[in-house]
2 protein chains.
Amino acid sequence: MDGAEATTPRERYRAQVRAEIKERAWEQIATAGASALSLNAIAKRMGMSGPALYRYFASRDELITELVRDAYRSLADTIRAARTAGADPTGLAHALRGWALADPQRYFLVYGTPVPGYHAPDDITAIASEIMASLLDACAELSADGPATPFDAHLADHRDWAGDHPAPPATLHRALTFWTRLHGVLSLELAGHFTGMGFDPARFYDAELADLLSVPAKS
Amino acid sequence: MDGAEATTPRERYRAQVRAEIKERAWEQIATAGASALSLNAIAKRMGMSGPALYRYFASRDELITELVRDAYRSLADTIRAARTAGADPTGLAHALRGWALADPQRYFLVYGTPVPGYHAPDDITAIASEIMASLLDACAELSADGPATPFDAHLADHRDWAGDHPAPPATLHRALTFWTRLHGVLSLELAGHFTGMGFDPARFYDAELADLLSVPAKS
DNA sequence: CGGGTTCGTTAGAAGTTGTAACTCACCTTC
DNA sequence: GAAGGTGAGTTACAACTTCTAACGAACCCG
């Protein structure tokens, strides 16, 4: 029985309108960026007057926060789906890149320029932790030999972010570099900093990935 | 008669007011981000009425573009200064991190979330090229042995961005990874994605840097 | 069928970017 | 020195934005 929640017609309608608002918001963000998002424009495109939207979202910030939440959820789902499909770190990296290229502005909603005052709600940071956990799981499948670096030692003493994951420091280190290096390539590519440089970003991404998975040879 | 490039009092006054506008703009950006920049607020804080600013900048976008230009120039100057001071890639990396930490929003003005429609003027991309040239110069001092990777081969055929720099493909590759890996760590640190994770971002940065400078062991 | 909840409306406050027209001071030229 | 052009700053205004307040009307439920 899937009637997990007995939704009244009103609740269903409300959910549908909220969904359509978010849909229009995504369209607007994809074409003009998050800073150009206008509640008024969304309302008019939906055939309603501006203030009507405030029945569904208390403020513009709340709508954007909800979009950020959805972006995190979408990324977490993508990563989790890749994992349950048996993906190794390589598959995970390609899933990440596909997700990012599908909607660059969604990627930047997660990893882009932060607003100085803003602090994400706890549930969003929880999703971020889940993503890191999946990444740790994937990296745990790789061999963790190679010499221990000074930073490995530091990580052994500062592994708050790993929760109670039993991975050894070298694996923590690999997960971290996995994250930051792929983000380094991906964010610059999505921001257009590679355009006109001549090389193929996909090949560079794969090269970084290959280096990441090669035998750890840190000195 | 002509050839008098001596600045008139009017030009000096104009330059000074422009400079003060940009100064206030930087203050605002540092505390609330570039999207919250308000010409009106700047004017009021300077004791002028709103439209007066349009004598100095044709639009909000033009002011922001000018700030982006200054940010690029500042970064290029920092890199160049480090180079002329005899800095190796390590020194260059530390100069970069210091510059970024001094004003995170300035870093994001250069490497942050792009506005979909926006294309930087040519003079800005020229500064970006100069930065890459400095980085290439620094990397050229390092030994470029180690096995050639498939991506090295690709770079050998797609080296538009290197101009006529005589560096071998392995050096191009190293400069690229230098850029993207350090940006990966730095941007996530500045965006606050490491807060609460426990480890020290500076150590992680140095670890990535050390790995970058270790003997190339890509297979 | 009445009553409460909720939705959507219009009106309006306070903010923004940007234009137009006017004043006034300064600088140059006669 | 007087006249006039140039440019800075002003106010007024249009068109937008977010968001609040008050009102009407539709809906659901007892």
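Residue numbering restarts at 1 for every chain, and letters A, B, ... go by the order of the sequence lines.
Taking 4.5 Å as the limit, every side-chain heavy atom of A:Arg203 sits out of range of all side-chain heavy atoms of A:Asp206. At least one side-chain heavy atom of B:Leu109 sits less than 4.5 Å from a side-chain heavy atom of B:Trp26. Contact of the A:Leu188 side chain with the A:His183 side chain is not registered, since no non-hydrogen atoms from C-beta on lie closer than 4.5 Å.
A 4.0 Å heavy-atom criterion places the boundary nucleotides of DNA chain C facing chain B at C:dT16 to C:dC26, written 5' to 3'.
Considering every non-hydrogen atom in both A:Ala71 and A:Trp99, the closest pair reads O-CZ2, 3.4 Å. Contact between B:Leu212 and B:Arg174 at its shortest, heavy atoms only, is O-NH1, 3.0 Å.
Here the side chain of A:Arg60 pairs a donor or acceptor atom with the backbone of A:Leu37 at under 3.5 angstrom. Side chain of A:Glu130 to backbone of A:Asp77: no donor-acceptor contact under 3.5 angstrom is found.
Under a cutoff of 6.0 Å and an axis angle of 45°, A:Arg159 and B:Phe199 do not form a cation-pi pair.
Side chains of A:Trp161 and A:Ser129: no donor on one and acceptor on the other come within 3.5 Å. Judged purely by distance below 3.5 Å, without hydrogens or angles, the side chains of B:Thr65 and B:Tyr118 pair a donor atom with an acceptor atom.
Between B:Ala58 and B:Ala41, the residue anchored nearer the 5' end of DNA chain C, judged by the nucleotide with its closest heavy atom, is B:Ala41.
Near DNA chain C, defined here as any heavy-atom distance below 4.0 Å, the residues from residues 32-40 of chain B are B:Leu37, B:Ser38, B:Leu39, B:Asn40, listed numerically.
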>> Does the protein touch nucleotides 4-13 of chain D at the base, only the backbone, or not at all? Give it as B, S and - per nucleotide, heavy atoms under 4.0 Å.
In response: --BSBBBBB-

